[in-house]
Amino acid sequence: MQLTLIENPDNTKIVLYKLSRIVYAETLAQSLPLVEAFSSMIYNIHIKYDKSFEDIANNANVFEVLNDNSKQNHLLNVNAKDKKFQMCLRVVQKMMNDALRDLVFGATKFHHTDVMPQWAMSRGYIAEIDDILFYL
C-alpha cells in the first residue's frame with residue numbers, strides 16, 4: 001500500500017492553524033480577553049518588526065511552546081474540533097484580517113506569571129491578563 005501526503009495549497013490556512021495552536025498552547029484559552037490580547041501582541045510583532053505571520057509562527061525565541069522541551073509543547077497537538085481551540089482560531093483569523101484592536105498597548109513581548117525571564121527584570125509590564133504579563 002502506498003501512502004500519499006496531501007498538502008494544503010493555501011499557505012494562509014497553514015499559518016492560521018499554526019498561530020492558533022500557539023495561542024491555544026500559550027494561553028490555554030483561559031478567557032476570550034486573554035486570547036484576544038495574546039493575538040493582538042502577535043499583530044504588534046508583525047507590524048513593529050515587519051515580520052510575516054509565518055515567520056512569527058515559527059519563532060521559538062518568541063514562543064516557548066515551540067521548543068520540544070517546553071512543558072506545554074504537547075498542547076500544540078490540540079484537536080482542531082476542541083471548542084477552546086475554535087475560539088483561538090476565530091480570534092487569530094480576525095487578527096490576520098486586521099480586524100482586532102490592540103489590547104496590549106503595543107506590547108511585543110510576554111511571559112507567564114510563574115516565571116521571570118532575565119529580559120523582564122529591568123522592564124515594567126504594561127498589561128496583565130489572567131496569568132500573562134505583556135511588555136513593550
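All values below were derived from every heavy atom in this structure, side-chain atoms included, with hydrogens, water molecules and symmetry-related copies excluded.
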Q.
Assigning hydrophobic clusters by single linkage (Ile, Leu, Val, Met, Phe, Trp, Tyr; side-chain heavy-atom cutoff under 4.5 Å), is M95 placed with V15?
A. yes

Q: Take F85 and Y17 through the test side-chain contact (heavy atoms from CB on, under 4.5 Å) and record every step on the way to the result.
A: CA-CA 10 Å; F85 175 73; Y17 273 81; 3.8 Å; yes

Q | From C88 atom SG to F38 atom CZ, the distance as rounded to the nearest 0.5 Å | A | 10.0 Å

Q. Only one of V62, N44, T108 clears side chain to side chain contact (heavy atoms under 4.5 Å, CB included) with Y49; which?
A. T108

Q. Has the side chain of S20 got a donor or acceptor atom that lies under 3.5 Å from a matching backbone atom of L16?
A. yes

Q. Once you round to the nearest 0.5 Å, how far does NZ of K71 lie from CG of N73?
A. 13.0 Å

**Q.** Same apolar cluster (I L V M F W Y, side chains within < 4.5 Å links), I126/L103
**A.** no

Q. Do N97 and Q93 have side-chain N/O donor and acceptor atoms under 3.5 Å apart?
A. yes

Q) Which value, rounded to the nearest 0.5 Å, describes the distance between N79 atom CG and K84 atom NZ? A) 14.5 Å

Q: For residues 14-23, pull every pair meeting salt bridge (Lys or Arg N to Asp or Glu O under 4.0 Å), keeping only residues two or more places apart or in separate chains.
A: none

**Q.** Backbone of E64 reached by a side-chain donor or acceptor of E26 within 3.5 Å
**A.** yes

Q | Side-chain donor or acceptor of Q72 paired with backbone N/O of A25 under 3.5 Å | A | yes

(Q) Show the nearest heavy-atom pair for residues N59 and N61, with the distance to one decimal. (A) OD1-N, 2.8 Å

Q. Do the ring planes of Y135 and W119 sit parallel (below 30°), tilted (30 to 60°) or perpendicular (above 60°)?
A. perpendicular

Q: Test L28 against D130 for side-chain contact (heavy atoms from CB on, under 4.5 Å), laying out the working first.
A: CA-CA 11 Å; L28 303 176; D130 294 340; over 6 Å; no

Q. Yes or no on side-chain contact (heavy atoms from CB on, under 4.5 Å) for R123 and L136, after CA distance, side-chain angles and deciding distance?
A. CA-CA 9 Å; R123 299 177 175 194; L136 289 176; 5.9 Å; no

Q: Indicate, with yes or no, if I42 and M87 share a hydrophobic cluster defined by side-chain heavy-atom contacts under 4.5 Å among Ile, Leu, Val, Met, Phe, Trp and Tyr.
A: yes

Q: Quick one: closest heavy-atom pair of V91 and S39, and the distance?
A: CG1-OG, 3.5 Å

Q) Taking Q30 for the side chain and T27 for the main chain, is one N or O donor matched with an acceptor at less than 3.5 Å? A) yes

**Q.** Ring centres under 6.0 angstrom apart (H111, Y125)
**A.** no

Q) If you take all heavy atoms of T12 and M96, which pair is closest and at what distance? A) O-CE, 4.1 Å

(Q) I'd like to know if the side chain of N67 and the backbone of N69 have a donor-acceptor N/O pair within less than 3.5 Å. (A) no

**Q.** Side-chain donor/acceptor of E128 to backbone N/O of F134, under 3.5 Å
**A.** no

Q: Step by step, work out the side-chain contact (heavy atoms from CB on, under 4.5 Å) result for I22 and V92.
A: CA-CA 10 Å; I22 290 168; V92 171; over 6 Å; no

Q: Please state whether the rings of H46 and Y43 are parallel, tilted or perpendicular, taking 30° and 60° as the class boundaries.
A: tilted

Q | Contact summary for E36 and L100, nearest pair of heavy atoms | A | O-CD2, 3.6 Å

Q: Report whether V65 and I129 are members of the same hydrophobic cluster (ILVMFWY, side-chain heavy atoms less than 4.5 Å apart, transitive linking).
A: yes

Q.
Test of understanding: clusters of I, L, V, M, F, W, Y form through side-chain heavy atoms closer than 4.5 Å, transitively. Do I47 and F110 belong to the same one?
A. yes

